[in-house]
Amino acid sequence: MSDCIFCKIAKGEIPADIVHESDDLVAFRDLNPQAPTHILVIPRKHIATLNDLQEEDATLMGRLHLAARAIAEAEGIAGRGYRTVINCNAEAGQTVFHIHLHLLGGRPMGWPPG
Ligand code: AMP
């Protein structure tokens with residue numbers, strides 16, 4: 001999608017603090033971090049929301065979670081704990097319509113989330 005900000009980050013067309021890249025995924029630090037570690041993991045493929053996932057995306061979404069695990073280990077938060085979140089649509093607070101996994105850690109977190 002030519003007007004999608006996360007597609008532009010994935011293509012290197014706008015800057016981001018990238019922490020991980022592979023053929024099909026990119027991870028970068030959130031511009032407005034909600035925890036000491038707040039990283040977004042995205043597929044290079046443009047998928048707008050969880051509602052738009054297809055069966056063919058199953059492996060990609062598995063890799064996305066494996067990347068989150070590896071990044072959590074690299075950030076030193078795997079053992080103490082971290083949270084992964086994918087917001088879907090307005091009531092969940094999704095503001096960027098290119099699917100992304102939030103990896104949050106480095107502080108205690110409450111439940112339920114707001
Ligand atoms: P969501 O509300 O789940 O759609 O999350 C979108 C996230 O993207 C927010 O946490 C924003 O702070 C973050 N964000 C938006 N634009 C950028 C950007 N250019 N670089 C890094 N993070 C961004």
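Worth knowing before you read on, the calculation uses all heavy atoms, side chains too, and leaves out hydrogens, waters and symmetry mates. In each ligand, atom 1 is the first atom listed, and ligand 1 is the first ligand listed.
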CD (Glu13) with more than 12 external heavy atoms under 6.0 Å: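 Check passes, neighbour count above 12.
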Can you name the atoms of ligand 1, numbered from 1 with element, that are less than 4.0 Å from a heavy atom of [X]?
| X | result |
| --- | --- |
| Asn32 | 12 (O) |
| His100 | 1 (P), 3 (O), 4 (O), 5 (O), 6 (C) |
| Ile5 | 19 (N) |
| Gly93 | 1 (P), 2 (O) |
| Arg29 | 21 (C) |

Closest non-hydrogen atom pair, Gln94 against Cys88: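 Answer, listing the atom of Gln94 first, then Cys88: OE1-CA, 3.4 Å.
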Could you find the nearest protein heavy atom to [atom] and give me its residue, atom name and distance?
| atom | result |
| --- | --- |
| atom 7 (C) of ligand 1 | Asp30 OD2, 3.5 Å |
| atom 4 (O) of ligand 1 | Thr95 N, 2.7 Å |
| atom 21 (C) of ligand 1 | Leu31 N, 3.3 Å |

Close side-chain approach of Leu103 to His38, heavy-atom, < 4.5 Å: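 In short, these two side chains do not touch, never coming nearer than 4.5 Å.
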Proximity flag Phe6 to ligand 1, non-hydrogen atoms under 4.0 Å: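 Under 4.0 Å: yes for Phe6.
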Heavy atom of His102, distance to ligand 1 below 4.0 Å: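 Distance cut 4.0 Å: His102 passes for ligand 1.
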SB check Lys45 Asp57 (cutoff 4.0 Å):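 The answer is yes: the pair qualifies as a salt bridge.
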Salt-bridge criterion met for Arg80 and Glu75 (N-O under 4.0 Å):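 The answer is no: the pair does not qualify as a salt bridge.
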At a non-hydrogen distance cut-off of under 4.0 Å, which region of [X] contacts ligand 1 (side chain, backbone, both, or neither)?
| X | result |
| --- | --- |
| Asn87 | side chain |
| Ile14 | neither |
| Leu40 | side chain |

Point-to-point distance, once rounded to the nearest 0.5 Å, from OH of Tyr82 to OG1 of Thr37: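 Atom-to-atom, Tyr82:OH and Thr37:OG1 are 11.5 Å apart.
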Near-ring test His98/His100, centroid separation under 6.0 angstrom: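 Centroid distance His100-His98: not below 6.0 Å, so no.
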Co-membership, hydrophobic cluster, residues Leu25 and Ile39, 4.5 Å side-chain: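 Yes, one cluster joins them.
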Common cluster, Met61/Leu101, ILVMFWY with side-chain heavy-atom separation under 4.5 Å: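 Yes, it is one cluster - the side chains of Met61 and Leu101 are joined through contacts under 4.5 Å.
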